[in-house]
Asks: 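Okay, here's the structure, questions in a sec.
All heavy atoms count here, side chains included; hydrogens, waters and symmetry mates do not. Lettering follows sequence order; numbering is per chain, from 1.
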Amino acid sequence: MAIHDKKISRRKFLGLSTGALAGMMFSPGLSTLVRAGSGPVDPVPAGSRQFIASNCAMCVNKCGIIGEVVDGKLRKINPNKKHLKSRGMLCAKGNAGAALPYSSDRLKTPLLRTGERGEGKWKEISWDEAFKYVARNLADLKKEYKNRSTVAFASTEGFQEEFYYYLVNSFGSLNTVRHPTLCLSSNIQGWSSVFGVYPDADLKNAEFVIMLGSDRAQALITPDSVDFQRYKPKGQKLIVLDPRFTETGAKADRWYPVKPRTDQAFVLAMMHVIINENRYDKTFVETYTHGFEQLREMVQEYTPQWAEGKCEIPAAEIVKTAREFADHAPRSVIYPGRRSSFYTHEVYVRQTYAILAAICGCWDTKGGVVPKSSIDLDAHNIVFPFFMETRERMDKEATNLLKDVVPSAVQCPMIGTGLPTDSCAFLSEKDGSWISFREAVLNDNPYPVRGFVCFKQNPVQAVPNTAKTLEMLKKMEFICVIDQQMSDTAWYADIVLPHTTYLEGWDPAHSLSGIWPVVAFRQPMIEKMFNTKTMFEIAGGVIHEMLKIDSLWDDIDPADLTTFKKDIVEDVLDKPIQDFIRHQVKSHPGGWEQLLKEGFFTTEGGRPRYGYTRKPGFRFKTKTGRIEFFNERYKSAGLFPLPKYCEPEVLPEKGEYRFLVGRTAWNTHTSTQNNPYLWEIQKENALWIHTDEAGKMGIRSGDEVIVKSHIGAQRIKAYVTEKIRPDCLFYVNGWGRHSPWMSRVYKTGASEAEILDDVLDSISGSACMHETFVTVTKA
Amino acid sequence: MRQKRYTIVFDTQKCLNCKACTVACKFENEVPVGDDTYRIWVTEQPLQGRFPHLHQAFQPSQCQHCENAPCEHVCPTKATYRTPEGVVLVDYKKCILCKACMAACPYDARFVSEHHGAVEKCTLCAHRLEEGREPACVETCPTRVREFGDLNDPDSEVYRLLISRSHYRLKSEKNTRPRLYYLI
Amino acid sequence: MIHHNRLPVNNCMGDWGQNIVERPAAPDQSHAVVLENCFFFSALLFRYPDDAVYHGIRENLQTFSDFLSAYGGQVPQVPPSEDLQAEYVGLFVNNKGFVPAVPYAAYHIDDGRLMGDSYDRLRQTMAETGFQLDPSVKELEDHLTILLEYAATLVRSVAGSEGADTGGHFEARALVEVTGNYIQPVIEAILPGIDQYATLDFYRIAARALREFIRDTAGIYEIIPGFPENAWSKKAE
């Protein structure tokens, strides 16, 4: 700056010097800054470098990570090369996790709503105020409705979820709802109907693999996404059925663009071939299974020619695939996969897959499907109080709920012929069923639910039909969201509690079950940056405030309260979380030290335990104790005992397309799109439309189009491609969310939940995300 | 001790197009977020065939650490140089940002780094090699598309791969003699 | 000053609100005093307006009206406390999906992430001038309000050091550094976001005043008694 300019620039200031400001001083008190050395030591770090082992939390997998921490800051997250589950790899999301603590978007301090819901007016409050606020609202709701279940608790999986349930059980609501019915509950249900459990696939040793609707190259699951390419035995064959040519399809020896909703026909016809050509494993069938004759009888009508007419895969290909599958057995895998929230009959589909594995004896043996093993941890011996003022969970107690929930167009032919009408068969009660739960709340059936506490779940974007979720939230007198970021759901909350990131705090140990089970935990890599807390701390804080409110404890045995205060509050929540973890691993000598050093440990040298169910006298968790082709429980419940082919209830009309849901390898659902390193890979989503269909409408790649279902419409750019069936459309989730502000992610692309129909698979309670029909027009 | 000759051998058939390597590289080498700043990349090769008979390959790539490196030859200040192990590096202090190397590189492997005030590119994570650690892209890959090692070591995996499998090098017609190999 | 919860509720809050100390300054010290006051008041403006800060702003607004109108063009209305808090959170703390005006310097100086290299250098500078963040404060040192408070403190150190052997050289350099290389990049970067997303005028005017004031500081420092001529780093000049 030239001297002349400086003189001009200081004129304004000199004007002030003759005024009031010159004659006074603010008091010299400093509040944020202190003299160096006057407070507890907080040295400027210099030259320190550490490698700290922990486990990733960017998605569900919990892969092993080693943080490189330089001068107290996380510089890089590396894969843990020794980790048995993640096989020493780390994906794009796991790498990008290093940006998470340093994101300006993260929640930093508790916020209390001061305007209307969704208006975006907040004030900062202290944690003490926050804990009081939550406790007081819980108490008020209990008092008003005389039913603790009037507060619903939603959560997604994660190590800290354990402590969320401390809060849930200390309040005593039975209305909990978790993620499985948006994901894999029908898969678990279907496989369990046959084997009593939901197994893993030994892709490391399988010679022949069929994947139906699983995109393991993009929807990453460890160790499967590693094993199916890195460790596959030489000559392993991969057959992929998917209406889209995914990255997994690109890796396949054969990709079949199966007609949506007909995968079951393909597999039924495979069984037809294998059974009629006597290619099944007779010894295995005789030794372990129940209902083979009924199965044999059922599959007679499912000829390859019949199946070709359904799934549009040539009969000869079905026969070839069936023979190859049987020839390679037991080292053949029909891949269970993970997400199965596809169709209304999905449980029967998965039951069909499981039966194919069973007739060929591809069970609990090297290269087949194998029951998960897990490593036992020491549980804390705690019993939560029994509360009198609690009613049964609403989606169980509700009457005729499903008739209201399942859109009438979809439900008719199936109801009474294989699907339940009243309530869902829960995997585990605490999982609930999102779609029917929401419907129950909307209908006050059987009682009003007026409080909603949500831990790291984002139902506004994750549950099909956003409008209904927002309606549900409107019914609530109290909404509390605990999350790391201002999610779409947090935006509608009354109070938002900021959760510490997985890189800044301790998480309890968990046994990650699988063919190669490990025990994993988390330890902080860096100091906490903001005024956040972990669920362990939040549960403790709220429960302490709850204990100050007598009315919250007036419906329990006073002796229970004493025990509760001692066993749960004093012995767990008031102690450092490290004590909790040490207790969990106390039966594993050196386990704690191993966790600190490696982030995980395993037992038995990490070797798979093949064959422990193939021993005389082993009882499967089915009604007969055997592997059931003919499911006795389903029979008593009025369901199909055998997985009969289920014709689609409704089909797309002329001009309609079936909308598909899928994933990429660089985003987790709706939670990571704002991470700059992942945003860089994909800045918006686009609508996959087949070349011929696009041609008919004059749509070219990059053109703006409107995708419309009867739920809603979204505007998005087209991606014209050969990689999708002409009767389907697809875009990936995570974009196009409504927001009063326009930011990097929020202004582009289209949202899934805004157009997805809320169709229900009433056996497993799962949402059906491929039962939505849409039209497309040029914008 | 025998002189090392470092290489990366790619088995692109295993590539999932998952982008783990590109994100790992950005963090490891503090490469800023941005479409024009990258040391490594994954190319989706053009889709082959028509529905339903389709094929697609994915090709990760980066600086090929050429033995006859055009970028080295055109550098007026000798900022670009080759280490005894064959790693092509840039001495940021000597770089005058004339960008001749960027024009000369047949692989488009270089970019201007504001942070370094120089042209930069893949270093094979030379700073990690000094500590006996693999390059970040090699380490993080779910399916081990890249294998890193010493071509002069007959016991190395890279040596074993190259004597046992057919392979090619990118744009070998340019006579750049790339040090990185792609398995067929 | 306090910041509810994130910044400690301690001693000096009342000082902002009520106790302007009428301390006659020596004539040659008056520039420094005014400068210090302007920095302190700016720190107050960009701090989360909990009750104490809010009252501090209200009660001192008249005193600083010359400052605000000279640099910001007008003296803003102080909206009701709840509205101001909502505005602060919406602009500087959390919004749906992003933060319109990120108040952390390193975010703007480095590459859009918090605690980058410039953050380390700031902590180093603070340590060298004898300061650190109160460990009970759960904030980052490069938050705009802390930077402004630090600048005020440095002005006092420089002015108070007149005649001393060191001549406040170190503090003066730090002052140049923190205003030119930290406060200025933040306020220049966030002003457009504030202009675009603010629903009230308060932070628009305050931010404009701060930007203009900071742009002028280079010229102002030279007239502070005790400010050494060689304090200018190349970059600040």
Side-chain angles (χ1 to χ4, degrees), chain A residues 63 68 74-79 81 86-99 215-218 220 222-223 225-232 245 247-251 255-257 312-313 664-666 675-683 690-692 721-726, chain B residues 11-38 40-42 44-60 125 127-128 131-147 164-165:
Chain A
C63 298
E68 181 186 353
L74 182 59
R75 196 186 84 80
K76 167 86 169 64
I77 300 177
N78 292 304
K81 291 180 138 186
S86 52
R87 308 275 202 251
M89 78 90 175
L90 192 65
C91 76
K93 296 172 280 184
N95 274 281
D215 183 7
R216 214 60 326 146
Q218 292 283 290
L220 300 176
T222 51
S225 293
V226 177
D227 291 354
F228 96 113
Q229 290 298 301
R230 182 173 176 183
Y231 292 116
K232 62 178 176 181
F245 185 72
E247 262 82 344
T248 306
K251 294 281 164 258
W255 166 63
Y256 297 128
E312 300 182 0
I313 298 167
T664 61
W666 44 83
N675 184 307
Y677 291 84
L678 301 176
W679 170 80
E680 180 188 78
I681 300 171
Q682 184 178 6
K683 300 184 184 64
H690 187 271
T691 323
D692 295 345
T721 179
E722 292 282 304
K723 299 204 291 192
I724 188 166
R725 282 178 61 94
Chain B
D11 187 352
T12 59
Q13 287 175 43
K14 292 195 290 197
C15 178
L16 304 178
N17 190 29
C18 77
K19 318 289 190 193
C21 53
T22 61
V23 179
C25 175
K26 286 223 160 174
F27 277 95
E28 181 62 48
N29 298 297
E30 293 167 15
V31 177
V33 169
D35 293 342
D36 301 321
T37 50
Y38 52 85
I40 70 172
W41 59 92
V42 182
E44 293 180 24
Q45 305 281 45
L47 187 69
Q48 305 285 319
R50 294 217 53 188
F51 181 90
H53 304 288
L54 300 174
H55 295 280
Q56 190 167 29
F58 309 105
Q59 188 184 65
C125 285
H127 59 289
R128 286 173 65 115
E131 299 174 339
R133 300 157 71 213
E134 299 175 322
C137 56
V138 175
E139 179 186 72
T140 210
C141 178
T143 57
R144 196 84 183 172
V145 168
R146 290 172 172 90
E147 198 62 63
S164 63
R165 291 179 60 179

Asks: Quick one: what part of A:I77 sits under 4.5 Å from any heavy atom of chain B, side chain, backbone, both or neither?
Replies: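 A:I77 has no heavy atom closer than 4.5 Å to chain B.
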Asks: Looking at B:K19 and A:L678, would you say the former's side chain and the latter's main chain have a donor-acceptor pair under 3.5 Å?
Replies: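 Answer holds: no.
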Asks: For a quick test of reading the model, state the closest non-hydrogen atom pair linking A:E722 to B:L47 and the distance between them.
Replies: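 Of all heavy-atom pairs spanning A:E722 and B:L47, the closest is CB-CD2, 3.8 Å.
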Asks: Passes side-chain contact (heavy atoms from CB on, under 4.5 Å), A:T248 versus B:L16? Steps please.
Replies: CA-CA 8 Å; A:T248 306; B:L16 304 178; over 6 Å; no
Asks: Tell me, out of B:D11, B:T22, B:V145, B:N17, who's got the most heavy-atom pairs with chain A below 4.5 Å.
Replies: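 Most heavy-atom pairs within the cutoff with chain A belong to B:N17.
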Asks: Measure across A:N95 and B:F27 and return the closest heavy-atom pair with its distance rounded to 0.1 Å.
Replies: O-CE1, 3.4 Å
Asks: Is chain A contacted by the side chain of B:C18, its backbone, both, or neither, given a heavy-atom distance below 4.5 Å?
Replies: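 Both backbone and side chain.
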Asks: Using non-hydrogen atoms and a 4.5 Å limit, figure out which bit of A:F228 sits close to chain B: side chain, backbone, both or neither.
Replies: side chain
Asks: Which one, A:E247, A:K232, A:E680, leads in non-hydrogen pairs under 4.5 Å with chain B?
Replies: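 Between A:E247, A:K232, A:E680, the count favours A:E680.
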Asks: Run the numbers on B:R50 and A:D692 for side-chain contact (heavy atoms from CB on, under 4.5 Å), then give the verdict.
Replies: CA-CA 11 Å; B:R50 294 217 53 188; A:D692 295 345; 3.5 Å; yes
Asks: What part of A:L90 gets within 4.5 angstrom of chain B, counting heavy atoms only: side chain, backbone, both, or neither?
Replies: both
Asks: Can you name the nearest heavy-atom pair linking B:P52 to A:P257, along with the distance?
Replies: CB-CG, 3.5 Å
Asks: Among A:Q218, A:Q229, A:R75, A:K723, which has the most heavy-atom pairs under 4.5 Å with chain B?
Replies: A:R75
Asks: At a heavy-atom separation under 4.5 Å, does A:F245 approach chain B through its side chain, its backbone, both, or neither?
Replies: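 Interface part for A:F245: side chain.
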Asks: Can you see which heavy atom on A:Y677 is nearest to which on B:V31, and at what distance?
Replies: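 Scanning both residues, the minimum pair turns out to be CE2-O, 4.5 Å.
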Asks: To the closest 0.5 Å, what do you measure between SG (B:C15) and NZ (A:K251)?
Replies: 6.0 Å
Asks: Compute whether any side-chain donor of one residue and acceptor of the other, for B:T140 and A:N78, lie under 3.5 angstrom apart.
Replies: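 No, no side-chain donor-acceptor contact under 3.5 Å.
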Asks: Does any heavy atom of chain A fall under 4.5 Å from the side chain of B:A57, the backbone, both, or neither of them?
Replies: neither
Asks: Taking the side chain as everything from C-beta on, heavy atoms only, tell me whether A:S225 gets closer than 4.5 Å to B:P142.
Replies: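 Of all side-chain heavy-atom pairs linking B:P142 with A:S225, none is under 4.5 Å.
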Asks: Below 4.5 Å, heavy-atom pairs only: which of A:T691, A:V226, A:D227 has the largest tally toward chain B?
Replies: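 The residue among A:T691, A:V226, A:D227 with the greatest pair count is A:V226.
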